[in-house]
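Take a look at the structure below.
Letters go in sequence order (proteins before strands), and every chain restarts at 1. Since the structure is predicted, the reported quantities are computational estimates derived from the model, not experimental observations.
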Amino acid sequence: MSNLDELQNRLLTGLTEPQQKAVRHTDGPLLVIAGPGSGKTRVITRRAAYLARTVASPWNILAITFTNKAASEMRERIEALGASRGMTVATFHALGAKLLRVHGERVGLSSDFTIFDRDDRRKVLKEAIEVAGYSTTNFSPANTERFISNLKNQLLTVTDFAARGGGFRERSLSKIYMVYEDLLRKQNALDFDDLLMRVALLLAEDEELRVQLEDRYRYVLIDEYQDTNEAQYRIAAFLTRERQNICATGDPDQSIYGWRGANIENILSFERDYPDATVVRLEQNYRSTKNILGVADALISHNKQRKVKSLWTENDEGPRVTVFEREDANEEANAVAEKISAYLEEGGSPREVAIFYRTNAMSRALEESLLKTGIRYQVARGLEFYARKEIKDVLGYLRVLVNPADEVALMRIINTPARGIGQTTVDRILQRAVQEGRKLIEIIMSEGDFSFLKRAAKKVTEFRDLLLSLKESLELPPGDALTRIVRESGLEAMYKGERTPDRDPLENIEELVNAAVEFQRDNPNAGIIEWLEHTALISDVDGVEDSASCVTLMTLHAAKGLEFPVVFIVGLEDGILPFEREFADSSDVSDFEEERRLLFVGITRAMKQLTLSYVKYRMRMGKSQRAARSRFLSELPHADVEWEGDGVANSGGVPFDINGELPADIAFWEVGSIVEHPVMGLGCVVGFHRGHRNTRVEVQFKSGERKPFILEFAPLTRRDYDEFE
DNA sequence: AATATTCCCGTTTTT
DNA sequence: CGGGAATATT
């Protein structure tokens, strides 16, 4: 047997028939529909290694993952399989940034562009709204941001959108979009969506480059294909146009980023896009117990817009899935902490345990309880670290030094630490810049006469000298450069004075320096620009340590692709999961089904033990509000679920104790009450507003209809919770 | 110019 | 509840 045969065998051992089929497939389009826990990652890594040992060099392979963490894990696993280095494994965004650094000059982009994060973007947008002549009360930066982001994900440029015309709103937004793009261009900056849109447009317009790239990346693998948006879809298609060597893997039931422009149709219509496609279905689950998988399957079966898929496992039955109710979030968190405590006492390890929730804000109560109970934990929140003031300050200096046109960063550091350059002075410089048609930084760095700045002239000169001096540090490796910048800029001295017992900014800065040193060690050829890029593209789960001996907390979105033996999912309440915006009257069915998929993703992360919980009162907007048990809970099969607690056993937690007639005292009516209407049938109170003269309720009926009523006059009768099933 | 205070708004999920 | 911005004070 030759070495090659032996190796090929090694890459196929332990795989099922369909898994082997996927690994052995080399040329032509391949779609792998992979249910949760079906060994998808194993198949992808083996296939990448297989390609690299048979038909291509690692250099010719491009693998796209959803997070940086997934990328580095995949890279490691592929290398462990004996495929040599040199494969490109990255997220779409990282790939986009890389391509634009090298080829961006073809579309007038200089290679030292800055990537604006959400904060920066908001600031620019706010300015754009004002410059365009509108008020941020009519066009909120948050909404406008989403709008423009969606346009970019659909590959609609300013020109495309302006050409569409439309009413006042569309035309105003088009104007704002135009100013926004202009401000970005002037600052030599791109936002997240540009990293995709620019590449897609570049590939569409520049056939020479497209051919060159396709020749390089002969085999393209894309994971989590169900969560690709139009821009990503087009990039993938352009890169594989001639050879059609595209391998898409994913699961329509795990599509949870529709709100971000992801189009589930991309995976559903793969076979139409690529008529020659080979399709492999991986339906056997190796991760979860029968109970957990049964619950997941029952839940997802309620989705109407879905291709039915059978999930099965040969694993043990396992313990039943547990559901419990508590009064409020604190008690819920205490209960979770207690249960974890008990698990640890039985010899379990904290790293086996994860807690998932719908919104980041919900981590707080959990953190407090874990802290109190003495359980070590980590929270998946990569972005939060880089959003800290002190971190943004340090990175601000770096950004200005790398890209002097970056005015968002410049405005941040010009008077941080305070150096006597206040608003008045900045305004004067700004005015001068406009007069002379130059950039802010050009005025500051010019040798010219600063006398127009009056008293502050000296300060500005000093600032200029500081920047000139710091510029030299860019020649140093990132870690050393940072250390020097922190000291010379005066940030170190400033933050030394801000130390308090519960907050130490310098410690965070130190951590940043360490991160830079680590990056430098892992990427010896990378410079400051690459490191800045790295910090801009970091994701929430990227900071999660698999080896750390602690419980992991994260949002359900961040949990995608991971697995844990013991999983808790908290906050199963209507309004939270499924999430509902307040007073959004038309709840889109597809949004609703996406919420169900989100819970499905959460449930299927669990290997052995799954616990779900909900509370009667949840804090929202600083107020405690009555919450109703999530309707998803009633979709779970009774036999596989154990309802904890005596009083609420089997009933699943009755939120009140009065049945039957309309109570004289309407104080007993609240969100979550079950009601019956003589014509409409059974329904659930989803909105409740007590006015001076009457009480208005909004009822969601089983039929799907939703209607408002005035409680005092409506023919509504209270019913028991169970009757709603 | 810098700091202290108040008030008001939005209020999911993230590369 | 918490961040940011507008306002008041030193």
Side-chain angles (χ1 to χ4, degrees), chain A residues 64-71 90-97 115-119 121-123 126 136-137 140-143 145-146 149 152-153 190-197 224 227-229 231-232 255-262 329 356-365 380-384 386-389 415-427 454-456 459 494 533-542 554-560 571 575-584 591 594-595 597-599 601-602 618-625:
Chain A
I64 294 173
T65 58
F66 202 70
T67 63
N68 297 301
K69 182 168 185 271
T91 63
F92 266 112
H93 287 86
L95 174 75
I115 299 167
F116 274 2
D117 68 14
R118 203 160 134 218
D119 259 22
R121 193 174 174 162
R122 286 269 166 94
K123 279 184 186 142
K126 206 177 150 249
T136 48
T137 36
S140 86
N143 285 340
E145 180 186 15
R146 269 221 315 278
S149 175
K152 289 190 174 186
N153 286 328
L190 298 181
D191 64 25
F192 285 127
D193 304 312
D194 285 328
L195 296 176
L196 306 177
M197 180 172 80
E224 309 285 9
D227 278 322
T228 50
N229 61 32
Q232 293 166 326
S255 161
I256 54 175
Y257 283 95
W259 52 274
R260 203 172 80 181
F356 305 148
Y357 35 78
R358 179 62 232 263
T359 70
N360 281 305
M362 292 164 76
S363 77
R364 238 188 62 194
R381 248 188 322 212
L383 298 134
E384 197 161 89
Y386 287 95
R388 291 196 170 124
K389 184 180 172 299
N415 202 29
T416 311
R419 52 172 66 88
I421 306 179
Q423 197 55 57
T424 325
T425 308
V426 172
D427 285 345
K454 312 271 163 51
R455 270 189 320 211
K459 315 276 189 192
M494 170 181 140
E533 184 177 301
H534 170 79
T535 64
L537 297 180
I538 209 129
S539 77
D540 268 347
V541 282
D542 289 345
M554 63 179 78
T555 62
L556 284 158
H557 282 91
K560 186 164 80 159
I576 300 287
L577 188 64
F579 194 87
E580 228 173 326
R581 284 183 73 162
E582 222 157 343
F583 298 114
D591 285 353
E594 183 158 308
E595 294 292 309
R597 290 195 293 268
L598 190 55
L599 179 56
V601 167
R618 171 87 49 196
M619 292 285 270
R620 253 184 116 156
M621 306 166 225
K623 283 260 179 235
S624 172
Q625 293 211 319

Distance between C1' atoms of B/dT13 and C/dG4 (Å, rounded) | 23 Å
Verify the stacking flag for A/Phe579 against B/dT13: centroid separation must be under 5.5 angstrom and the ring planes must differ by under 30 degrees.
-> no
Base, sugar-phosphate, or nothing for A/Arg364, non-hydrogen atoms under 4.0 angstrom?
-> sugar-phosphate
Rounded off to whole Å, could you give me the CE-to-P distance for the A/Met619 and B/dG10 pair?
-> 20 Å
A/His557 side, atom NE2; A/Phe66 side, atom CZ - distance, nearest 0.5 Å = 9.0 Å
With respect to A/Asp193, which candidate in A/Arg260, A/Arg121, A/His93 satisfies the side-chain hydrogen bond (donor to acceptor under 3.5 Å, both in side chains) definition?
-> A/Arg121
Report the nucleotide, chosen from B/dT11, B/dT15, B/dT14, that has the shortest atom-to-atom distance to any side-chain atom of A/His557.
-> B/dT14
Nearest heavy atoms of A/Phe356 and A/Gly602, plus distance in Å = CE1-O, 3.7 Å
Assert: residue with more 5' nearest nucleotide on DNA chain B, out of A/Gly422 and A/His93, is A/Gly422
When we call it a touch if two heavy atoms are under 4.0 Å apart, what does A/Thr67 touch: a base, just sugar-phosphate, or nothing?
-> nothing
Among the nucleotides B/dA1, B/dT12, B/dT15, which one has an atom lying closest to any side-chain atom of A/Thr425?
-> B/dA1
Taking only the side-chain nitrogens and oxygens of A/Thr424, find out if one of them lies under 4.0 Å from OP1 or OP2 of B/dA1.
-> yes
When you get a sec, tell me which of B/dT14, B/dA1, B/dT11 is the closest nucleotide to the side chain of A/Asn360?
-> B/dT14
Given B/dT14, C/dC1, B/dT12, which nucleotide is nearest the side-chain atoms of A/Arg358?
-> B/dT12
Rounded to whole Å, the CD-P distance (A/Gln423 to B/dT3) equals 15 Å
Nearest of B/dT13, B/dA2, C/dG2 to any side-chain atom of A/Asn415?
-> B/dA2
Would you kindly give the NZ-to-C1' distance between A/Lys459 and B/dA2, to the nearest whole Å?
-> 13 Å
Validate the cation-pi geometry between A/Arg620 and A/Phe579: distance from NZ or CZ to the six-membered ring centre under 6.0 Å, angle to the ring axis within 45°.
-> yes
Identify whether any heavy atom of A/Phe92 sits under 4.0 Å from a base atom; if not, whether one sits that close to sugar-phosphate; answer base, sugar-phosphate or nothing.
-> nothing
Closest to side chain of A/Ala418, choosing from C/dA5, B/dT15, B/dA2 | B/dA2
Per nearest nucleotide of DNA chain B, the residue lying toward the 5' end, A/Arg146 or A/Ala94, is A/Arg146
What's the CD1-P distance between A/Ile256 and B/dT13, to the nearest Å?
-> 13 Å
Do any side-chain nitrogens or oxygens of A/Thr555 fall under 4.0 Å of OP1 or OP2 in B/dT13?
-> no
Do the non-hydrogen side-chain atoms of A/Asp194 and A/Lys152 ever get within less than 4.5 Å of each other?
-> yes
Taken to the nearest whole Å, CD/A/Glu580 to P/B/dT12 is 14 Å
Quickly work out the A/His534 NE2 to B/dT15 P distance and round it to whole Å.
-> 13 Å
Does a side-chain N or O from A/Ser140 land closer than 4.0 Å to OP1 or OP2 of B/dG10, or not?
-> no
How many Å lie between CZ on A/Arg118 and P on C/dG3, as a whole number?
-> 14 Å
Give a yes or no answer on whether the side chain of A/Asn143 reaches the backbone of A/Ser140 with a donor-acceptor pair at less than 3.5 Å.
-> no
For atom CD1 of A/Ile64 and atom P of B/dT15, their distance in whole Å = 16 Å
